[in-house]
Every structure is written in C-alpha cells, then in structure tokens.
Number of protein chains: 2
Amino acid sequence: MKPTLQAVADAVGVSRSTVSNAYSRPDQLSAILRERILDAARQLGYPGPNPTARSLRRGFVGSIGVLFTSQLSYAFTDPFAVRFLAGVGAAAERHGTSMLLVPLPPAVTDARRAVENAAVDGFCVYCVADEEWALDVIRQRGLPFVSTAARDDAGADERFVGIDERAAARSAAAHIAGLGHRRVALIADSVLPDAPAGPLTLAGVDQVPHPTTRDRLRGFADAFAEVGVGWAELTVVNVPGNSRTAAAAASAGLFDQPAPPTAVLAGSDVLALGVLDALAARPAHDRPPISVTGFDDVPEAAAAGLTTVRQPAEEKGRIAAELLLDPPADAAAGHVLLPTALVVRNSTGPVPRS
Amino acid sequence: MKPTLQAVADAVGVSRSTVSNAYSRPDQLSAILRERILDAARQLGYPGPNPTARSLRRGFVGSIGVLFTSQLSYAFTDPFAVRFLAGVGAAAERHGTSMLLVPLPPAVTDARRAVENAAVDGFCVYCVADEEWALDVIRQRGLPFVSTAARDDAGADERFVGIDERAAARSAAAHIAGLGHRRVALIADSVLPDAPAGPLTLAGVDQVPHPTTRDRLRGFADAFAEVGVGWAELTVVNVPGNSRTAAAAASAGLFDQPAPPTAVLAGSDVLALGVLDALAARPAHDRPPISVTGFDDVPEAAAAGLTTVRQPAEEKGRIAAELLLDPPADAAAGHVLLPTALVVRNSTGPVPRS
DNA sequence: GCTAGTCTCTGTATCGATACAGACTGGATC
DNA sequence: GATCCAGTCTGTATCGATACAGAGACTAGC
C-alpha cells in the first residue's frame with residue numbers, strides 16, 4: 001500500500017497541512033523543513049499528493065474533455081478532426097491542462113452516462129452528429145463548454161467557434177454554377193438519420209437534422225437558386241458517416257443515370273475524395289469529366305488537386321480550447337467566426353459541351 | 001451551487017447510501033424507490049454522482065493516460081503517432097475507458113509533476129525521446145504501464161508492445177546494400193541530445209541515448225558491416241525532432257559533398273519524406289538519383305512511392321491499451337513483438353554506374 | 001516595554017461520494 | 001412458533017487530500 005500524505009506527516013512529526021504545503025505552497029513553510037519533508041517522502045516512497053483527492057478538495061480537475069459525437073476511433077481517421085485535436089492540444093499545452101477523450105457508447109443512455117462520469121472542468125464539443133443530448137448533460141453538470149457547430153437555439157452566453165457554413169458552401173457552389181454546371185449532385189454525411197446510402201428524395205433542406213450538414217446544403221442550394229436551378233432539380237446523395245469509402249460506394253451509381261450530373265458538391269473533403277475514387281475506379285474510356293468540390297481543405301485535398309473551401313482546422317481547435325480555458329469577459333467575444341476561402345484546384349472545370 | 005447526493009437523500013427522505021445505490025447498484029433497492037429518487041434528482045437538478053468523489057472512494061478513475069515524451073501538439077502532426085492513438089482509442093472504446101492526453105512542459109521538473117498529477121489508472125508510454133524519468137514517476141505512483149520502446153533494463157514483469165527495431169532496420173539496409181550502394185547516409189531523430197542538425201561524427205552507435213534510434217541505427221550498420229562497409233564509413237545525419245521540414249533542411253547539403261551518398265536510410269518515413277523534399281527542391285538537372293528508405297509505412301509513404309519498413313501502427317496502439325486494460329495472467333504474454341515487413345517501392349533502385 | 005506585523009506551523013472542517021456491516025420486514029420452511 | 005433467508009434500507013467509517021482560521025515565536029518600531 002502506498003503511503004499517504006498522513007504517513008509522511010507522521011514520519012516527519014508535522015501536521016498533514018504542512019506536508020500538503022510542502023508540495024502545493026512552498027512559500028508557506030521554511031525551506032529547510034520543506035526539504036526534510038520531501039526527503040522523508042522520497043524515503044517512504046510517497047508518490048506525491050493523490051490527484052483525485054486533490055481534485056475533489058480543490059474543486060477542479062485540470063483537464064478538459066473533447067467530445068466527438070461519434071466513435072472515438074473515427075476521430076483519428078478524419079484528417080480534419082486530427083487537425084482540430086492538434087489545435088486543442090496546443091492550447092492545452094499552453095495552459096498546462098490535460099485533454100480527456102471520452103469514447104461514447106452507441107446507446108444514448110450509456111453515452112449520457114459517459115459524459116456524466118467524465119472527470120473534466122469543461123468540454124470542447126466537436127460536432128459530428130446530433131449533439132443536443134450531450135449539451136444537455138453538460139449543462140446539467142454545470143460545466144462550461146464550447147461548441148463548434150452553430151445552433152439556432154444557442155443561448156447568447158454560449159461560447160462558440162466556427163465558420164459561416166452557409167456562406168462558405170455557397171462560395172463553392174457559386175464557383176460551380178459560374179462554370180456553367182446546372183445538373184448537380186450534392187453529397188453529404190447524415191442527410192437524414194437512418195436513411196440508406198445513395199440518392200434520396202428530400203422535400204426541403206429544413207428536414208435535415210444535423211445543423212452543419214443542413215447549413216452547407218442550404219449554402220449550395222442558395223447559389224443554384226440564383227441561377228434558376230431549384231432545390232427539386234438537385235440530386236442529394238446521403239452517406240452514412242463521413243467516410244471516403246462510403247462516399248465512393250454511395251456515389252458510384254450516380255454517373256450511370258440517363259442524365260448524370262456534371263458536378264458533385266461534397267459536404268467534406270473526405271467525401272469528395274471518395275467521389276474522386278469512384279470516378280477513378282471506372283475504366284478510362286468511361287470516365288466522365290465531372291467537377292468535384294470538397295470542404296475543409298485537409299492536407300490530402302491539395303495532393304489530390306481538389307477544389308475546396310478552406311477553413312482553419314487547427315485554429316478552430318486552438319480557439320475552442322482557449323475560449324474554454326480563458327473565457328473572455330465580454331460575452332460577444334465568446335462567439336468567434338473564422339474566415340473561409342475558396343481554393344480552386346483542378347478538380348473543377350467548365351461544363352463540357354456535349 | 002449544484003445539489004449533492006445528500007440533498008437528494010434529504011428531499012426523498014432516505015439515506016445517502018440509498019441514493020448512491022440508485023445510481024450505481026440498482027439491484028440494491030426497489031424499483032419504485034429508485035424511480036422516486038431519480039425523479040427527485042431530476043427535479044433538483046442533481047447532475048449525478050460527482051466523478052471525482054466517486055473516483056476517490058472507488059480507488060480508480062476509469063481513464064488511461066497516453067504519454068508522449070515530446071510536445072503533445074507534435075503527436076497530432078506525426079502520422080504514425082496518430083495511427084497509434086487511433087489504436088489506443090479503439091481499445092479504450094471497447095473497455096469504456098477514457099484517454100487522457102497529458103502535455104509535458106519542457107522542463108523535466110514540471111514534466112514530472114504533470115505525470116504525477118495525471119488522474120489515470122495507468123499509462124501507455126509512446127516513446128519519443130528519453131522516457132526513463134517518466135517511467136520512474138509512474139513506478140513511483142505504483143501505476144501499471146505499457147511501453148512501446150524496448151529498453152535494456154526493462155523488468156521481466158514490464159509490459160511491452162513493439163517490434164524488433166534492429167532486425168527491421170537491417171532489412172531495409174540489406175535491401176539497399178543488395179542494390180549495390182556503399183556510400184550511404186543514415187538520417188535519424190535525436191541521434192545525440194542537443195547536437196545540431198546535420199552530419200555529425202559519432203564514434204560508435206552505443207553513444208546514441210534514445211533506444212529506438214539506437215536500435216535502428218544498429219540495424220542499418222549490421223547490414224552494411226556484412227558487405228564490408230564499416231561504421232566509420234557511414235555518414236550519420238542528426239535531425240532534432242521527427243519533422244519533415246527539419247529533415248529536408250538537415251539533408252540539403254548532403255548531396256553537394258565531393259563524394260555524395262548514393263542512398264539515404266531514414267529512421268522514419270517522416271524524415272525520409274523530408275529527404276525526398278530536399279531532393280525535389282533541387283533544379284531538375286542537378287537531381288542525383290538517390291535511393292531513399294523510410295520506416296513505419298505511414299499512409300503518405302505509399303503516395304510518395306517510398307520504400308519503407310512497415311510496422312502495424314494501429315495494432316501497436318490497440319495492443320498497448322489492451323495490455324494495460326486487460327493484463328494477461330502470463331507475464332510472457334505481456335511482451336508482444338509485432339511483425340514488420342520491407343515494402344519496396346520506387347524510391348530505391350540500383351546504384352547508378354557513373 | 002508594548003503593540004504590530006511577519007513567518008511558520010497546527011487543527012478542524014470539508015470536498016462528495018462508496019463500502020460494508022448490520023437492522024428491519026415479511027414470507028417460506030419445518 | 002422458531003428459524004432462516006432474501007430483499008431493502010440505514011449508519012458509520014473512509015477515500016486522501018486542501019482551505020482557512022488561528023496559535024506561537026520573533027523581529028520591528030516607537
């Protein structure tokens with residue numbers, strides 16, 4: 001059994017408080033006594049104040065949670081998520097705070113419990129799927145949090161860092177529309193919960209529950225509405241999960257239709273790369289010159305020559321953690337909108353004259 | 001102030017123990033009383049048992065630490081580290097355990113404190129630099145850990161997952177030697193602590209403190225010794241940190257020497273890619289046909305056509321976490337050696353006849 | 001010589017829960 | 001009717017520290 005602080009106190013013949021001070025408040029005791037205490041501790045093999053007990057008494061833990069409302073192992077597969085994590089890590093480093101990654105079990109009841117049990121001082125919520133239940137639990141616990149997805153019902157005091165999803169998506173679509181494309185497919189993650197992969201019929205964009213997906217689809221639609229292409233004329237392809245292979249599978253059949261789209265707008269680079277994969281998988285003579293756009297500008301996008309919308313991933317993570325660890329006094333400053341930019345590469349081109 | 005468990009107990013008129021049981025041991029009380037308690041808790045806004053207090057009393061935390069003996073933000077930059085993390089995450093997910101990423105301040109005293117203060121049940125130690133001090137602290141705390149770097153002084157009971165670094169490195173060098181290369185440079189991370197970037201003189205490989213770097217250099221040397229090329233004839237290039245740009249910088253001057261190497265063996269893919277960058281940066285007419293090998297086989301290696309030694313990254317992380325969370329009864333089973341394989345691509349070729 | 005003030009150190013209360021032994025009921029068993 | 005037992009619930013001890021008020025000892029200042 002490891003000795004406790006009490007054991008060290010007894011060995012030296014001082015009070016528990018004094019030993020505690022030797023570790024946490026060196027100015028509260030003479031240097032000489034402090035050395036005697038630390039020596040005794042070394043001799044006894046005292047491992048230093050128990051972190052859990054300390055946290056309990058102090059009322060804070062010294063670590064922040066990062067919540068992915070999806071499988072944790074997925075987070076490391078998604079290049080954008082990894083850059084986000086790097087940003088959070090950089091901020092955590094600056095503040096001497098640890099990062100707790102909490103895996104969420106598939107069942108919501110279990111997932112709630114996981115969030116309830118996380119020993120953290122606050123959360124960075126990286127939005128992947130529906131997060132409302134998670135925010136409920138966090139609020140219930142009275143913990144601060146920073147969200148990265150804009151929500152309509154967000155309280156004015158809720159901290160947020162993100163981009164104008166709709167405007168950013170619109171810029172990509174405007175580029176495509178400007179190139180003359182009118183038969184267009186939109187491909188996105190979790191368009192409808194539990195909908196199968198592939199094209200689906202959607203009366204309107206309002207039906208999409210996932211806020212980020214919804215906003216991006218809205219942005220795409222905005223640009224096409226402007227050139228006279230209505231929502232009903234757009235093909236929407238659902239992908240269950242933001243996965244390259246899933247996107248390839250879901251989009252494979254798209255180009256064999258009677259009047260195939262000439263451009264595909266993807267809700268993320270990962271999906272866009274999947275679409276490119278599906279095209280590359282076709283025999284060379286049957287490879288239509290489809291324009292493809294992505295979203296995020298992950299490192300792989302540049303290598304693939306993918307036209308995409310850049311958003312600062314690492315910055316997003318860094319600012320999320322900073323907002324959490326060092327909250328601005330001004331509530332308005334807790335709402336950060338990051339810039340985006342359309343990056344045109346060679347995956348997009350004018351609509352071919354047929 | 002959030003209500004405590006006591007407050008709920010008072011509200012319902014039962015003992016604290018019973019409320020505790022309502023959450024943690026539902027079989028210990030009648031379903032009907034449990035419902036009454038949970039209802040009251042909801043009404044009072046009780047957030048559920050305080051995770052810290054619970055951990056203190058129970059004696060365990062429900063999370064494992066992942067220790068990178070380098071900057072935490074660096075870990076997310078290194079593709080191999082990310083795959084390792086993904087593996088740890090997958091195992092953590094299976095066990096319902098969280099992962100704590102602990103940033104280590106540059107000063108060792110502070111770094112020790114960070115490890116002392118981490119609220120975890122054990123550590124996966126991902127070896128980047130010298131880790132001995134970290135293992136000391138972990139042992140002192142009496143926590144279990146799994147290491148991924150073989151150390152000479154490892155106790156028989158210490159859990160480990162890794163590869164035969166020396167043999168794996170040797171396989172890459174044997175390939176290069178077999179292609180006829182005799183003037184060769186080895187480039188590695190942290191060959192000597194605080195040594196400047198670039199070629200350095202090293203009496204022997206034993207001087208290298210970092211165990212992984214040392215073993216890989218040894219493996220390289222082994223293969224060349226076999227074809228009559230001694231240690232003194234090998235150029236060793238130091239890179240401070242496993243970084244692509246740093247490797248490019250450190251190796252840039254290498255090819256302007258009177259008798260430049262015809263092959264470069266890198267201690268990691270990241271470094272090898274840096275060497276390729278340095279070559280690509282030269283004007284086309286002055287680009288010698290250098291053979292380059294890497295180590296790890298990260299995703300980027302395939303795209304770059306890099307010949308390398310594959311080691312299973314995700315598997316390594318997964319097994320590290322499994323060994324920690326579900327220790328084998330048999331001590332020998334706690335020592336896992338993973339397979340490696342030489343992957344020959346087009347970054348290596350026969351030595352050019354000049 | 002007396003009041004203040006500074007350094008050190010102590011003692012008690014507290015953080016918020018869980019473990020475990022034991023008490024109380026009511027029904028089954030013989 | 002005594003005994004046993006399973007099902008519920010309570011009470012006390014405990015997990016391992018930190019906060020905070022305050023007690024002594026000493027040095028200064030007047």
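The structure displayed is predicted, hence computed values, not measured ones. Note on naming: letters A, B, ... go to the chains in the order of the sequence lines (proteins, then strands), and numbering restarts at 1 for each one.
In this structure, the CG atom of A/N50 is 13 Å from the C1' atom of C/dC15, given to the nearest Å. The nearest whole Å value for the distance from the CD atom in B/Q28 to the P atom in C/dC20 is 11 Å. Distance B/L5 CG to C/dT18 C1': 9 Å, rounded to the nearest Å. Atom CZ of B/R54 and atom C1' of D/dA17 are 20 Å apart (whole Å). For the pair B/N21 CG and C/dA19 P, the computed distance is 9 Å after rounding to whole Å. Atom pair B/N117:CG and D/dT18:P shows a separation of 10 Å (rounding to whole Å applied). If you take NZ of B/K2 and P of C/dG16, they are 13 Å apart, rounded to a whole angstrom. Atoms OH (A/Y46) and P (D/dG16) sit 10 Å apart, rounded to a whole Å.
Between A/Y23 and B/A53, it is B/A53 whose nearest contact on DNA chain D lies nearer the 5' terminus.
Under 3.5 Å, the side chain of B/S17 and the base of D/dG11 form at least one donor-acceptor pair of N or O atoms. For a distance-only test at 3.5 Å, the side chain of B/R57 qualifies as a donor-acceptor partner of the base of D/dT14.
Using a cut-off of 4.0 Å between Lys/Arg side-chain N and Asp/Glu carboxylate O, A/R318 and A/E315 are scored as salt-bridged.
Here the CD1-CG distance, from A/I163 to A/L337, works out to 8.5 Å after rounding to the nearest 0.5 Å. Rounding to the nearest 0.5 Å gives a distance of 14.0 Å between NE2 of B/H95 and OG of B/S63.
At C/dA19, one or more side-chain N or O atoms of B/R25 fall inside 4.0 Å of OP1 or OP2 (strictly under the cut-off). Side-chain N/O atoms of B/S20 include none lying less than 4.0 angstrom from OP1 or OP2 on C/dA19. Note on A/T18: a side-chain N or O is less than 4.0 Å away from OP1 or OP2 of C/dT10. Regarding contacts with the backbone of C/dT18, a side-chain N or O of B/S24 is found under 4.0 angstrom from either OP1 or OP2.
Residue-level contact check: A/L29 touches the backbone only, with heavy atoms under 4.0 Å from sugar-phosphate atoms and none from bases.
Ring-centre distance between B/Y46 and B/Y23: below the 6.0 Å cut-off.
Distance from the side chain of A/L56 is smallest for D/dG16 among the nucleotides D/dG16, C/dT8, D/dA17.
Checking A/S20 against A/S17 by side-chain atom types alone, no donor-acceptor pair falls below 3.5 Å.
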